[in-house]
Amino acid sequence: MERTVETISGDTPGIEHRFSVLRFRGASADAPTAYLQAALHGNELPGVAALHYLIPMVEAAERDGRLLGAVTVVPYANPIGSAQHHFGEHMGRFSLGSRVNFNRDFPLLPRPDPSLLPGDDAPVFAEKRLKARLVALSLGHDLVLDLHCDDEALPYIYAPRQVWPGMQDLAAALGCEAVIIWDETSDGAFEEAAIAPYLGLSPEEARWERRAISTVELRGRRDVSPELGQRDAAGLYRFLVGRGVIRDAAVDGPARFEGPAVPLDHVEMAYAPAGGAILYHVEPGDRVRAGDPLASILTAPGEAGGAVIVTAPQDGLILTRRAHRLTRAGDDLLKLLGTKRSATAKSGALED
Ligand SMILES: [Zn+2]
């Protein structure tokens, strides 16, 4: 294992941002290679916990000559976002300097050529140069996994259309309960930057059957524990073995993914019609019918008509809900995985 430290110069004199990159050398030039990063939204840590247990497993494979493909790991991918504490609360989704989501606005390259990316001397904000650096680190790897989590959620993954159903092995290995397939734009999420350079290539050059590119949502923000970290590390390891990155005869081959895999426009985003306390009537994993109550928003507690009830627009599976309990009018409440297109579907990412 080789450990290096990447440096991104800050936006003002005296500031710089650093993050570690771990590289493991593969024994076979033909084997698929893998890139994994976590905590792009600074406080989404189930992926960090998973990598904590996965890294020694990959290291052991490298030591024993069982690591066939090169593996690159960035356990804390966003030193800028990780440092954003605001009056005691962490805020890792949006850059405080630019208001841009740290998982949007990645550079979308027309071909896999890192020389097209802005360098660290480019006159753009540090977060843009960080994004370019992460794309540069991931370029050339066959398997690119960006480990995130939702607020409160089942484990699920996003899959670009080009690698589905080929990526069922990832969903099965991680015990995912759902897959969301997208094929337009994710507003420049890292995942889109990972697939964009290959979209213009011929199928023979793009080699979709060999690729996996995914935003992996490892449950919710509080689902960080030794048990879950070990379980997710075992799932990632199983996936890497199944893809031939690691040789390990003791690990079973990939299982079949049995859960729902639905297009992005089947996801119903439930919004709060008013501000107030949220009383959820459902939790991730619940199945609902159209018209079932999802949440009550307490606008005038105890008074007649003082609770606004939000109902399910169609039958489906509750995939996520928010971690906070004070909502503003118009804010997201939950994601419901429907069985048909949402009447309110829009293009682009589900959330800001
Ligand atoms: Zn995230």
Side-chain angles (χ1 to χ4, degrees), residues 41 43-47 93 103 147-159 164 168 170-172 174-182 186 214-225 228 231-232 235 257-299 307-346 348-352:
H41 287 137
N43 60 351
E44 296 180 356
L45 302 175
R93 188 169 180 85
N103 195 24
L147 307 179
H148 287 247
C149 66
D150 214 297
D151 269 27
E152 297 179 7
L154 300 175
Y156 68 101
I157 62 172
Y158 288 92
W164 191 261
Q168 290 194 53
L170 176 66
L174 289 173
C176 288
E177 308 225 23
V179 175
I180 298 177
I181 300 163
W182 64 275
S186 58
S214 181
T215 304
V216 176
E217 303 283 356
L218 293 172
R219 309 175 197 81
R221 283 216 303 269
R222 288 167 58 91
D223 295 324
V224 183
S225 69
L228 290 172
R231 190 193 303 177
D232 291 335
F257 173 67
E258 308 283 0
V262 307
L264 191 68
D265 64 10
H266 284 41
V267 179
E268 298 281 2
M269 298 294 294
Y271 298 101
I278 311 169
L279 302 187
Y280 281 111
H281 302 297
V282 293
E283 60 183 3
D286 286 351
R287 289 183 185 280
V288 296
R289 306 296 299 269
D292 284 353
L294 301 175
S296 297
I297 311 300
L298 307 186
T299 52
V308 184
I309 298 176
V310 179
T311 58
Q314 61 164 306
D315 298 358
L317 172 71
I318 303 299
L319 187 63
T320 74
R321 68 181 188 182
R322 299 302 298 270
H324 63 225
R325 293 296 180 267
L326 173 63
T327 188
R328 295 173 295 170
D331 207 351
D332 309 340
L333 288 173
L334 55 76
K335 297 188 191 80
L336 186 162
L337 210 60
T339 52
K340 61 182 186 210
R341 188 175 196 278
S342 164
T344 55
K346 59 180 179 60
L350 291 170
E351 296 154 285
D352 291 339

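Basis for what follows: all heavy atoms, side chains included, without hydrogens, waters or symmetry-related copies.
With a 4.5 Å cut-off on side-chain heavy atoms, L319 and D150 do not count as touching.
Looking at D232 and R219, a side-chain N of the basic residue comes within less than 4.0 Å of a carboxylate O on the acidic one, giving a salt bridge.
The minimum heavy-atom distance linking A178 with L337 is given by the pair CB-CD2, 3.4 Å. For the pair G338 and V262, the tightest heavy-atom approach, listed with the atom from each and the gap, is O-CG1, 4.1 Å. In terms of heavy-atom proximity, A261 sits nearest to W164 at CB-CZ2, 3.6 Å.
The backbone N or O of D352 lies less than 3.5 Å from a partner atom in the side chain of R93, making a donor-acceptor pair. A donor-acceptor pair is defined here as one N or O able to donate and one able to accept, closer than 3.5 Å; no such pair exists between the side chain of T215 and the backbone of Y158.
Scanning for side-chain hydrogen bond (donor to acceptor under 3.5 Å, both in side chains) contacts around S214 gives an empty result, with sequence neighbours left out. Checked against ring pair (Phe, Tyr, Trp, His ring centres under 6.0 Å), H266 has no partners two or more places apart in sequence or in another chain. For T327, there are no side-chain hydrogen bond (donor to acceptor under 3.5 Å, both in side chains) partners at least two apart in sequence or on another chain. With sequence neighbours left out, E268 forms a side-chain hydrogen bond (donor to acceptor under 3.5 Å, both in side chains) with Q314, S342. Residues forming a salt bridge (charged side-chain N to carboxylate O under 4.0 Å, His left out) with E283 (at least two apart in sequence, or on another chain): none.
Contacts classified as salt bridge (Lys or Arg N to Asp or Glu O under 4.0 Å) and involving residues 315-328 (residues at least two apart or in different chains) are given here: D151-R322, E152-R321, E152-R325, R289-D315, R322-D331, R328-D331.
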